[in-house]
Q: 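Pasting a structure here, questions to come.
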Amino acid sequence: IAHYEKHGVIPIKQTQETKRKLSELHDAELILWQHNLRTYVTRYKRLVEKSKTPETLSRNQQLLDQYQDELAEINQRLKR
């Protein structure tokens, strides 16, 4: 949380650990993650549009792509 408050982004390492755990989550937990990821996707779409430097654009686009991939994976698991 301190890292997010200081830098405004969630560290990539944490989201990679989260991706490994997706296979271990129950449907109720997946739904909670789905809602969180929808929020992240919306936030980072806005940040990508408003990025002023190539560095922030690149970082925000990378995180947006990562969150969209995780959301697609969760959606696929919930459709089974």
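For the single chain, residues carry numbers from 1 onward in sequence order.
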Q: Rounded to the nearest 0.5 Å, how far apart are CG of L47 and NZ of K52?
A: 11.5 Å
Q: If you measure from CD on Q62 to CG on L57, what distance do you get to the nearest 0.5 Å?
A: 11.5 Å
Q: Looking only at heavy atoms, what is the nearest atom pair of I74 and L30, with distance?
A: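 Smallest interatomic distance, heavy atoms only, reads CG2-O, 3.6 Å.
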Q: If the condition is side chain to side chain donor-acceptor pair (under 3.5 Å), which residues does T42 pass it with, not counting sequence neighbours?
A: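 Scan of T42 (side chain to side chain donor-acceptor pair (under 3.5 Å), adjacent residues dropped) gives none.
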Q: Is there side-chain contact between T56 and R59, with heavy atoms separated by less than 4.5 Å?
A: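 In contact.
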Q: Mind checking side chain to side chain donor-acceptor pair (under 3.5 Å) for S51 and listing every partner two or more places apart, or none if nothing turns up?
A: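 Partners of S51 under the side chain to side chain donor-acceptor pair (under 3.5 Å) test: N60.
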Q: Classify the angle between the aromatic ring planes of W33 and Y40 as parallel (below 30°), tilted (30 to 60°) or perpendicular (above 60°).
A: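 Rings of W33 and Y40: perpendicular, over 60°.
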Q: N36: which residues meet the side chain to side chain donor-acceptor pair (under 3.5 Å) condition with it, sequence neighbours left out?
A: none
Q: Tell me which pairs pass salt bridge (Lys or Arg N to Asp or Glu O under 4.0 Å) where either residue lies in residues 26-39, with sequence neighbours left out.
A: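 Salt bridge (Lys or Arg N to Asp or Glu O under 4.0 Å) check on residues 26-39 returns D27-R80.
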Q: Taking side chain to side chain donor-acceptor pair (under 3.5 Å) as the test, write out the residues that go with Q68, two or more places apart.
A: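 So Q68 forms no side chain to side chain donor-acceptor pair (under 3.5 Å) with any residue.
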Q: State the CD-CG distance between Q34 and L78, to the nearest 0.5 angstrom.
A: 5.5 Å
Q: Measuring from atom CD of Q61 to atom CG of L64, what distance do you get when rounded to the nearest 0.5 angstrom?
A: 5.0 Å
Q: So how far is it from H26 NE2 to L32 CG, rounded to the nearest 0.5 Å?
A: 12.5 Å
Q: Considering all heavy atoms of both residues, which atom of R77 and which atom of L25 are nearest to each other, and what is their separation?
A: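 Minimum heavy-atom separation between R77 and L25: NH2-O, 3.6 Å.
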Q: If you measure from CD on E73 to CG on N75, what distance do you get to the nearest 0.5 Å?
A: 10.5 Å
